Amino acid sequence: MSSAVESVLVEKRVFQPFKALVEQANISGMDAYRALCDEAEKSPDEFWSRLARENLLWDKPFSTVLDESDAPFYKWFSDGELNVSANCLDKHLDTPTADKTAIIFESDDGKVTKITYRELHARVCEFANGIKSLGYKAGERAIIYLPMSIEAVVAMQACARLGIVHSVVFGGFSARSLNDRIVDVGATLVITADEQLRGGRAIPLKPAVDEAFGMGGCDAIRHVIVYRRTGGTIDWTEGRDLWMHDLCQGQPTTCEAVPVNAEHPLFILYTSGSTGKPKGVQHASAGFLLWALLTTKWTFDAKDTDVYWCTADVGWVTGHTYITYGPLAAGLTQIVFEGVPTYPDAGRFWEMIQRHKVTVFYTAPTAIRSLTKAAETNADVHPRRYDLSSLRIIGSVGEPINPEAWMWYYTNVGGERCPVLDTWWQTETGGHMIAPLPGATPLKPGSCTLPLPGIVAGVVDEAGKDVEPGKGGFLAIKRPWPGMIRTVWGDPERFKSSYFPPELKGYYLAGDSAQRDTDGYFWIMGRVDDVLNVSGHRLGTMEVESALVSHPLVAEAAVVGRPDSTTGEAVVAFVVLKRDLPQGEEAVEIAKQLRDWVAHEIGPIAKPRDIRFGENLPKTRSGKIMRRLLRVVAKGEEVTQDVSTLENPAILNQLSQSV
Ligand code: WT7
């Protein structure tokens, strides 16, 4: 925590909002921001009720706003009914937005396809009709395992249209992870593609689905719908497998959007926690949609003329809120990109911003840091070589953005004309929580600034008491908000114990540490639990450990994070084998095997960067692994702490050797 705290203390720069943005902003100036905050504080129910009435189309109006009777299982607008897909598509049909481009899709190899709101509506209806024709009903769960594509958006929207609860699995996750999620969510339908294209390589998807089925527990699945992306060879199970294009063929281009209760689950998205398997974060239809739309309007200052681009994958929450739902509900034109930032070269993002005249750009610090490195070694891919003058807002998400990366982004990408929006939020929060408003909030590099209107955030101690400015503590949200997680799918107890610990006065515990400065600005320090953040992706150390110990050679494993200048954190694994300590080439070979094993068990993002073998792990006499020491060893630093409680202090030396 110490280096982050130091940078807070030395960071004095403040950037006032640009006049041109303030003048036409959706929330213009700090007074307008404060007025909204005051409105929310005075009467939260009236505030949220007004926004829900003004921003959403209801099939049946709600009369209750927040129902706290079963806290922390909060309900919002719970006697109202609506359909999320109708709110993203149908609502534009009788407006000029209907013939506006909804999605500009750019494939890995640079092919551009555009689709208007009217066409997207028709595609979603055809697919929804196809799914309906197979007998699927509201409330069933569909796994979506698709590459970044128009089809992925269509699939999610088609589910929402029918009240089918989607659970998107990131295409980089392995068959094992896919199987875990299929089983946990009780899916009856899988929507996938033959293969995905990334960085010029075809990566199989349908074969992973088949492999996941082979692992058992998938008998409830009645169909696998396959989008033909590459035409690669795949196995086919007659009767179960269907091509997406065949299913859509001849279907009507209209399909009734099924009104669902406001609290009907819209989706379940798995994310890592500090213990056990990833948890299924369940979001509700109306509250999530409202928060997705409001934050798109507020934080991104959405304008009809914008060309908006969020570089996230729909496999993560960012792709749900800020690709599939928020921007469509706001009627924006957006880019959907199949590929990776470094293909064909590290200028791809800048070239695409130039080609499509992107105005709002939203990406992750890890991408910024790796593209900075690339630009420093190869002037051809430096952002200054491209015309980025269309940009008006640039955003960041997923992990703390250090002041150096912030300044580079601000200067080289934003041309010192665009505010950098450091947005703090989580899978569980549904949308932005602490983030600047482009036409109001003065910026400080490295701070996500202030809570959005209606969000009551604080930094508290173990007893839920506010800590003083400049002191570290737990980041907590003190009042419920519409976009919040409703429960952990199938495990309400885990929901309560993970997020609403009894000693915290009913506050939502985010799992991050933070501090506020004397201006009330928030500075996020990182996770307080055993969750790592690798390239903006959440990983539980226990998940990686479980994957490692399931390998026949491994007796014991402990995983920690090590700060990394590109990926934020890197996975370091300490491993005790069931055999004698391997040396030299053999150690290298086993380490490679274990890395591949983890990639196979979870996905390539979880691969340990560094594996250290030892005859033992540092443990207290009561058998507790001293992770604190392992984190020091992982950094290659000398252990200066007291190790007298260690059973076997000599082991630290052995574990400091990299393979
Ligand atoms: C965790 C949530 C938010 C959508 C993508 C990640 C970290 C996220 C920031 C930020 C500092 C951040 C936190 C949080 N995080 N944004 N702007 N500054 N940290 O969602 O996978 O649920 O991860 O990401 O540690 O708890 P997620």
Side-chain angles (χ1 to χ4, degrees), residues 1 4 7-8 168 170 172-173 267-274 278-283 288 291-292 295 299 310-323 325-326 362-369 394-403 405-406 409 420-436 443-452 457 459 474-477 483-485 488 498-499 508-515 521-540 543 561 563 567-569 603 605-606:
M1 214 193 256
S7 69
V8 171
V168 183
F170 173 56
F173 277 131
F267 66 84
I268 295 158
L269 185 61
Y270 285 80
T271 191
S272 297
S274 45
K279 37 194 176 188
V281 172
Q282 180 179 320
H283 278 288
F288 171 83
W291 198 229
T295 51
T299 319
C310 163
T311 67
D313 191 287
V314 290
W316 311 109
V317 72
T318 310
H320 284 59
T321 312
Y322 298 112
I323 295 177
Y325 294 110
Y362 191 39
T363 196
T366 187
I368 297 163
R369 289 191 299 259
I394 54 179
S396 162
V397 61
E399 52 180 313
I401 175 163
N402 47 308
W406 195 104
Y409 194 30
V420 172
L421 310 179
D422 176 4
T423 58
W424 178 85
W425 60 296
Q426 311 175 292
T427 306
E428 293 87 343
T429 69
H432 301 152
M433 298 294 280
I434 309 179
L443 306 173
K444 302 184 188 186
S447 167
C448 54
T449 74
L450 301 168
L452 291 175
V459 178
F474 301 111
L475 180 58
I477 311 295
M484 70 191 297
I485 174 176
V488 170
S498 308
Y499 302 110
Y508 166 85
L509 184 67
D512 280 336
S513 62
Q515 62 166 279
Y521 275 48
F522 283 78
W523 300 78
I524 311 293
M525 306 305 173
R527 300 287 305 192
V528 286
D529 49 11
D530 289 321
V531 170
L532 306 182
N533 191 323
V534 180
S535 301
H537 302 318
R538 235 161 106 169
L539 268 181
E543 263 175 89
T567 57
E569 278 187 295
I605 49 169

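Order of listing sets the numbers, starting from 1, for every ligand and every atom in it. Just so you know, these numbers come straight off a predicted model, no measurement behind them.
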I434 and T449: which non-hydrogen atoms are nearest, and at how many Å? CG2-O, 3.6 Å

Within the 6.0 Å centroid threshold, strictly below: W291 and Y322: no

With ring centroids as reference points, do F522 and W424 lie under 6.0 angstrom apart? no

Check whether T427 reaches the backbone of V317 with its side chain - one donor and one acceptor, N or O, closer than 3.5 Å. no

For F267, all residues meeting ring-ring contact (aromatic ring centres under 6.0 Å, His included), sequence neighbours excluded: H166, H283, F288, H320

Under 6.0 Å between the ring centres of H537 and F173? no

Short N or O separations between ligand 1 and the protein, below 3.5 Å:
{"unit_1": "ligand 1", "atom_1": "15 (N)", "unit_2": "G398", "atom_2": "O", "d": "3.3"}
{"unit_1": "ligand 1", "atom_1": "16 (N)", "unit_2": "G398", "atom_2": "N", "d": "3.2"}
{"unit_1": "ligand 1", "atom_1": "17 (N)", "unit_2": "D422", "atom_2": "OD1", "d": "2.7"}
{"unit_1": "ligand 1", "atom_1": "17 (N)", "unit_2": "T423", "atom_2": "O", "d": "2.7"}
{"unit_1": "ligand 1", "atom_1": "18 (N)", "unit_2": "E399", "atom_2": "O", "d": "3.4"}
{"unit_1": "ligand 1", "atom_1": "19 (N)", "unit_2": "P400", "atom_2": "N", "d": "3.4"}
{"unit_1": "ligand 1", "atom_1": "22 (O)", "unit_2": "T427", "atom_2": "N", "d": "2.7"}
{"unit_1": "ligand 1", "atom_1": "22 (O)", "unit_2": "T427", "atom_2": "OG1", "d": "2.5"}
{"unit_1": "ligand 1", "atom_1": "22 (O)", "unit_2": "R538", "atom_2": "NH1", "d": "2.8"}
{"unit_1": "ligand 1", "atom_1": "24 (O)", "unit_2": "G398", "atom_2": "O", "d": "3.3"}
{"unit_1": "ligand 1", "atom_1": "25 (O)", "unit_2": "D512", "atom_2": "OD1", "d": "2.7"}
{"unit_1": "ligand 1", "atom_1": "25 (O)", "unit_2": "D512", "atom_2": "OD2", "d": "3.2"}
{"unit_1": "ligand 1", "atom_1": "26 (O)", "unit_2": "Q426", "atom_2": "NE2", "d": "2.9"}
{"unit_1": "ligand 1", "atom_1": "26 (O)", "unit_2": "D512", "atom_2": "OD1", "d": "3.2"}
{"unit_1": "ligand 1", "atom_1": "26 (O)", "unit_2": "D512", "atom_2": "OD2", "d": "2.8"}
{"unit_1": "ligand 1", "atom_1": "26 (O)", "unit_2": "R527", "atom_2": "NH1", "d": "2.8"}

